[in-house]
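All chains are named by letter (A, B, ...) in the order of the sequence lines, taking the proteins before the strands, and each is independently numbered beginning at 1. Since the model is a prediction, treat every value here as computed from it, not as a measurement.
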Amino acid sequence: MLQVTVIKQKPDWVKERLAIRNFKNPELVDEIIALDDERRATQTAFDTMQASINSASKNIGQYMAQGNKEEAERLKASIAGNKAEATRLNEQLATIEKNLQGKLIMLPNLPADRVPAGKGAEDNVVVREGGKKPQLPENALPHWELIKEYNLVDFETGAKITGSGFPLYRGNGAKLQRSLVQYFLDYNTSKGYTEYLPPFMVNEASAYATGQLPDKEGQMYHVTEDNLYLIPTAEVPVTNIYRDVILKENELPIRMTAYSPCFRREAGSFGKDVRGLNRVHQFEKVEIIQLVLPKYSYNVLDEMVHHVEGLVQSLALPYRILKLCGGDMGFTSALTYDFEVYSAAQQRWLEVSSVSNFESYQTNRMKCRYKDADGKMQLVHSLNGSSLALPRIMACLLENNQTEKCIRIPEVLQKYYGSAMIM
RNA sequence: GGAGAGAUGCCAGAGCGGUCGAAUGGGACGGUCUCGAAAACCGUUGUAUGGGCAACUGUACCGAGGGUUCGAAUCCCUCUCUCUCCGCCA
């Protein structure tokens, strides 16, 4: 979340930035400032009261030690009123703080300077395109047909076992998934990311720290019996490794990668946009996460974009990179680049990665800090990106590489898949 | 799931109603010494928040939340987690 000091120093600028992402209650900013003033005043009053009680208690102790009972009793009686007042002030303080916290977490991150204003996907800016769109024959099939033809994914049985949107990969389809996961992880670790295999459920504190709560409450699967959430991305457990951690400056940057299944309720979507593997409730993804010094975070963001770009290029897929406009960015992000690959048979772009700089938004919630050269506590910056989300990559690979009698496997993947084609 | 033990600072580990933000040891950092290093010795080694330009100072924090008390790391209750044993189990 945003730091109160920043909000208080530049309230107009904060509102201006929030407007870039179409935030609809800028009055929250003023409410937060007022509440913080109230908090300070109450804190001061409480501290004073408590100090008087503490010093009286000390004196009572001394009187007791001296055997001066009457004086001790007299003092006790004299601070009874202070005690009641201190209790009242303390409760008031707790209420104010809770209130303040509640409002603070409703503020999204501020878009970076270079974020274009805009309402939705149509206002995103194409940064660059790469790769070559294939010329497919007239009778080219969309991936949901190819999947049937080559017996790679069985949606019906997945629906029988669990429900719609839970694909059952089988045979070469399952193997292709495994090859992709392994290739992606190898690619990431070869560039200095440390591999993790995190828990696939997280507690409330973790979901809150990375910003899924309270913003995306209904989009996560919630295991109510144990009050745990199925992760929507490995970002959540992996970033939380560093919750409540104070780092040394020389421990940064921290570079992590993890494979995980991702669970998303995505209530209310249906239609042709969600056919086949385009949108599902459970999918596989490999994620990269970095914790870095603030002064480097935008360089690191560029580096991560290039990292993901290299991965997409290695798969020989046509792609484009978008800079998201304010209205389309995630709640916690300051700047996001999306990667889309071109699915030739569907003739549409599919999002396969989202690379974001969260600046100190997540780390402020998480309390992940480092000590700078002057010994002052500073918030670390966090970033993450998909490298990559599997189902749409698979959809694109199948569609773009189909031939009359087989589906060709990209060269980099062949040693993982163990063959040059799916027959 | 059953029985027991525990949770204290970067780590280990004392403290079991007042003078404890917390002994002691280790580590880390700075210094003296040295050509340099080791050893030895000296010093430093919280977090949050309030007030103050600052020096400094108030308050809170000994797993979390409640309670008893003038006063709680210390006593009571609830929860969470860890460890040991048993059961179950990939």
[N]: pairing nucleotide in any strand, Watson-Crick or G-U under 3.5 angstrom:
N: B/U32; answer: B/A40
N: B/A54; answer: none
N: B/G65; answer: B/C77
N: B/C70; answer: B/G18
N: B/G4; answer: B/C83
N: B/C88; answer: none
N: B/A23; answer: none
N: B/U59; answer: B/A48

Can you tell me, in whole Å, how much space there is between the [atom1] of [N] and that of [M]?
N: B/A23; M: B/G13; atom1: C1'; value: 10 Å
N: B/U47; M: B/C10; atom1: C1'; value: 13 Å
N: B/C75; M: B/G15; atom1: P; value: 12 Å
N: B/G9; M: B/A73; atom1: P; value: 15 Å
N: B/A60; M: B/U80; atom1: P; value: 29 Å
N: B/U45; M: B/G50; atom1: P; value: 23 Å
N: B/C41; M: B/U49; atom1: P; value: 39 Å
N: B/U74; M: B/U69; atom1: C1'; value: 13 Å

Of all the nucleotides listed ([options]), which has the minimum atom distance to the side chain of [X]?
X: A/Thr44; options: B/C70, B/G50, B/A60; answer: B/G50
X: A/Met377; options: B/U47, B/U59, B/C70; answer: B/U47
X: A/Lys371; options: B/A60, B/G50, B/U47; answer: B/U47
X: A/Arg39; options: B/G18, B/G50, B/U59; answer: B/G50
X: A/Gln43; options: B/U49, B/G18, B/U47; answer: B/U49

Phosphate contact ([N] OP1 or OP2) by [X] side-chain N/O below 4.0 Å:
X: A/Arg369; N: B/U47; value: no
X: A/Arg40; N: B/G51; value: yes
X: A/Asn54; N: B/G18; value: no
X: A/Lys76; N: B/G71; value: no

Taking any heavy-atom pair under 4.0 Å as a contact, classify [X]: base, sugar-phosphate, or nothing.
X: A/Leu75; result: nothing
X: A/Lys58; result: nothing
X: A/Ala56; result: nothing

How far apart are the closest heavy atoms of A/Tyr193 and A/Arg255, and which atoms are they?
->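 Nearest pair, atom of A/Tyr193 first, then A/Arg255: CD2-CB, 3.6 Å.
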A/Gln402 (side chain) donor-acceptor with A/Leu141 (main chain) under 3.5 angstrom =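 Side chain of A/Gln402 to backbone of A/Leu141, a donor-acceptor pair under 3.5 Å: yes, one is there.
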To the nearest Å, give me how far apart [atom1] ([X]) and [atom2] ([N]) are.
X: A/Asn364; N: B/U49; atom1: CG; atom2: P; value: 10 Å
X: A/Gln62; N: B/G18; atom1: CD; atom2: P; value: 14 Å
X: A/Asn227; N: B/C79; atom1: CG; atom2: C1'; value: 13 Å
X: A/Asp226; N: B/C81; atom1: CG; atom2: C1'; value: 15 Å
X: A/Asn203; N: B/A64; atom1: CG; atom2: P; value: 16 Å
X: A/Arg243; N: B/U47; atom1: CZ; atom2: P; value: 20 Å
X: A/Met49; N: B/C70; atom1: CE; atom2: P; value: 18 Å
X: A/Gln50; N: B/C70; atom1: CD; atom2: P; value: 14 Å

Between atom CG of A/Leu322 and atom CH2 of A/Trp349, what is the distance when rounded to the nearest 0.5 Å?
->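 It comes to 8.5 Å.
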Does A/Tyr150 have A/Lys148 sitting over its ring (NZ/CZ under 6.0 Å from centre, angle to axis within 45°)?
->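 Output no; distance or angle outside limits.
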With a cut-off of under 6.0 Å to the ring centre and 45° to the axis, is A/Arg264 in cation-pi contact with A/Phe283?
->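 The answer is no; the distance or angle limit is not met.
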Report yes if some heavy atom in the side chain of A/Gln92 is under 4.5 Å from a heavy atom in the side chain of A/Arg88; otherwise report no.
->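 A side-chain contact exists here, since the closest heavy-atom pair is under 4.5 Å.
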Salt bridge A/Glu71-A/Lys69, side-chain N to carboxylate O under 4.0 Å |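 No, this pair does not count.
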Does A/Lys8 pair with A/Asp37 as a salt bridge, N-O distance under 4.0 Å?
->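 Salt bridge flag = yes for A/Asp37 with A/Lys8.
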In terms of the nearest nucleotide of RNA chain B, which residue is placed more toward the 5' end: A/Ile60 or A/Asp36?
->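 So the residue in question is A/Asp36.
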